[in-house]
There are 2 protein chains.
Amino acid sequence: MAAKLKGNLVVAQSGGPTAVINASLAGVAQEGLVHGEVITGVFGALHGIEGILYEQLIDLGKERPSTLTLLRKTPSSALGSCRHKVTTDDYDTILKVFKAHNIRYFFYIGGNDSMDTAHRVDQLAADAGYELRCMGVPKTIDNDLDFTDHCPGYGSVSRWIASSVRDAGLDTEAIGVVDKVKVIEIMGRNAGWITAASALARDHEGAAPHLIYLPERPVYWDKLFNDVQKVYDRLGYCVLTICEGAKGPDGKPLAASTRSIDVDAFGHAQMGGVADLLCREIAANVKLKARFDKPGTIQRVSIALQSKTDQEEAYLVGQMAVRHALAGVSDKMVTLVRESNEPYHCTTGLADLDKVANAEKLMPADFINEAGNDVTEKFVEYALPLIGAPLPKYAYFKKVALPKHLG
Amino acid sequence: MAAKLKGNLVVAQSGGPTAVINASLAGVAQEGLVHGEVITGVFGALHGIEGILYEQLIDLGKERPSTLTLLRKTPSSALGSCRHKVTTDDYDTILKVFKAHNIRYFFYIGGNDSMDTAHRVDQLAADAGYELRCMGVPKTIDNDLDFTDHCPGYGSVSRWIASSVRDAGLDTEAIGVVDKVKVIEIMGRNAGWITAASALARDHEGAAPHLIYLPERPVYWDKLFNDVQKVYDRLGYCVLTICEGAKGPDGKPLAASTRSIDVDAFGHAQMGGVADLLCREIAANVKLKARFDKPGTIQRVSIALQSKTDQEEAYLVGQMAVRHALAGVSDKMVTLVRESNEPYHCTTGLADLDKVANAEKLMPADFINEAGNDVTEKFVEYALPLIGAPLPKYAYFKKVALPKHLG
């Protein structure tokens, strides 16, 4: 075991906020504060790596303990977030700031880009002979990080999607005589994990969603129109979910912003608009009135539908990151390892930051049905435990019909 | 007191589903079943008035008691809904069906149009000398029925909006360095009640929403751009809510579907698209990246964010409708009467169906601020008790800054 490295700790949050990224922050901060003999200060950087670059650091040890505990049930990123593409000059600045504040422990909570940043900081410190422990803490609703069974944030967005699509599906089941087709646009660029979670909404015969379109499979318009028509013929209405990053046969997104202002530092255009497009195409080609729900950022930060399992795991990966760093580990991300599915149980492991940084985990082929318009039972078995407690049961009528006396 | 009228009861649901319209159904059905010596059968009509026209009636007495109880926590319209414009011929058919099934009690759960239908049925029966008790049970998320303090359904949609706008607001507060403006599109045609409820999201200094645009006040583009710029200059980001029915100075909706397929039986075009329009205009004129959330139907049927107060009142108005009908009352809608605000307490009253049918209650002037871009404290006092228990508290950092050692 490595000798205890004495110094300060800094933690930062990056990328899109989630319902549980603050639970990971609580895990890092509370575990850090336990080890006062080694970790002399527990600091937070405001707005991710920018908080380090601009020296905007706050003392988390000065916050009330109850505030840190309440973080588990506080959505979004309490330290603020960023999507900053770190330059070579930036890395030099980061190291300067770390030295100036005697930062010896750095925890970056985020997705691929953040793992890349953390890895580079680790390398730079090693090259400069500055002893530093850099740990990645996984966070992304997209669930697209490799080397981990799933990502904190995914269980909660999945619970939101399952619950909301179930409710909105019942809405269309009731009023489908008027609003015949409902399209629900769900977040995701290349990976359909979140959209796939809409399958967890199904709790009765004929339940929504009836069709699920993922970016892992191309959307062929004629096939989609035919899919919708068939569902409509069977039920009299149709509810479909589609990933905002859904792609055509040419591999290009069906809809993305064309405004230059909507391109981020990483060159990604803002997704969105596919549901609106689908409604127009369905109205024109299937001749059915269609409307869409596009919950947008609301889906990813709901505390009311936070998954308790997700919250606990998010806390755990933060906590374990600190424990590993204290034991001498660096340049690693804490992973979730599923030990069993019934009962569901996860432990943690470790993965190399650079490997995580360069991988994007899409939905595997056996999680998607052959027609490319639904998921498989295998996906449902994978995803169901992640949303925490089962969704509450609803009342469904037997509908014992009275005999008709007229006509 | 009128002599007891013996016969069957039929209940139907109409218009857009809500989180509590089934609670009203439970109130009618369970109260109806208590009076078996007078109410010989408790039936439900499928898909509103269409279920009567087409004789699609089910026996609610054959459902499990636990199913009826669970209706209180089941969203959407368990009997199915409709937006059927009733013709003169239809009214004759309705009366024929009522006679054929010895229906003596008719309960219609819905908004203005449903109250109009119930009133006409009542008149027709009276003209034909057929003894019938017709009662309206209020339901609309729009909260635009007059003669009642508020409408069942409004408290729950308000809780959803308050909670979701708070969470989505924290999202932008965290990532506003990238996504600078967020526009949230909220349901409503002429009345801004639901959009106004977004003000209940505010729980800390600078909290979202920073601007609220209601259909009761015209949107002037230059003024809106200026409003957004000012918020952005102050906070570095901006979250605004806007009603899908928001209107320009010419009184016309800023955005509504132009597809003929989207016009309903009452001649109303499908609202929607105003947030998308705003994002484009803000990007072009204020030069800020803007994205939108358009939760659509998801906002109106969420059980996770159902207001318990709303649920109880929805049940109560259904139950009271039966009690009044048994006591000889007809051609009335049960209303909610606020007896006190601290502590909040409502009882019920009665209003004439034809008066309710012909009135649309918009937000009063003293609920809207002078600039026309926010609500007043008076509105907050009115709306807050309706969402039930206070929203859970979140953790906010004191943010004790470390001294800067560099630059």
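Values below: all heavy atoms of this structure, side chains included; hydrogens, waters and symmetry mates excluded. Each chain gets a letter, A, B and so on, in the order the sequences are listed, and its residues count up from 1.
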Please identify, among B/A401, B/S76, B/A275, the residue contributing the most non-hydrogen atom pairs under 4.5 Å to chain A.
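The option with the most such pairs is B/S76.
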
Can you tell which of B/K182, B/Q13, B/E50 has the highest number of heavy-atom pairs within less than 4.5 Å of chain A?
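Going by pairs under 4.5 Å, I would pick B/K182.
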
[Y] side chain reached by [X] side chain, heavy atoms, under 4.5 Å:
| X | Y | answer |
| --- | --- | --- |
| A/T297 | B/R291 | yes |
| A/F397 | B/L68 | yes |
| B/S77 | A/I175 | no |
| B/L406 | A/V97 | yes |
| B/D276 | A/D276 | yes |

Which one of [options] has the most heavy-atom pairs closer than 4.5 Å to chain B?
| options | value |
| --- | --- |
| A/L288, A/T93, A/D171 | A/D171 |
| A/S14, A/A174, A/G296, A/S164 | A/A174 |
| A/Y396, A/F43, A/F292, A/Y394 | A/Y394 |
| A/C82, A/G44, A/S163 | A/C82 |
| A/K399, A/K287, A/Q299 | A/K399 |
| A/R300, A/K73, A/R64 | A/R300 |

Closest approach of [X] to [Y] (non-hydrogen atoms, all atoms of both residues):
| X | Y | answer |
| --- | --- | --- |
| B/V301 | A/A168 | CG2-N, 4.1 Å |
| A/D167 | B/I303 | OD2-N, 3.2 Å |
| B/K62 | A/V400 | CB-CG2, 3.8 Å |

What part of [X] gets within 4.5 angstrom of chain A, counting heavy atoms only: side chain, backbone, both, or neither?
| X | answer |
| --- | --- |
| B/L305 | side chain |
| B/K96 | both |
| B/D179 | side chain |
| B/I21 | neither |

Without swapping roles, check the side chain of [X] against the backbone of [Y] for a donor-acceptor pair under 3.5 Å.
| X | Y | value |
| --- | --- | --- |
| A/T74 | B/A395 | yes |
| A/K393 | B/L70 | no |
| B/K404 | A/Y54 | yes |
| A/E173 | B/G80 | no |

Supply the atom-to-atom distance A/I184 CD1 to B/I298 CD1, rounded to the nearest 0.5 angstrom.
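One finds 5.0 Å between CD1 of A/I184 and CD1 of B/I298.
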
Could you label the plane-to-plane angle of the B/W160 and A/W160 rings as parallel, tilted or perpendicular, counting under 30° as parallel and over 60° as perpendicular?
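Tilted: the ring planes of B/W160 and A/W160 meet at 30° to 60°.
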
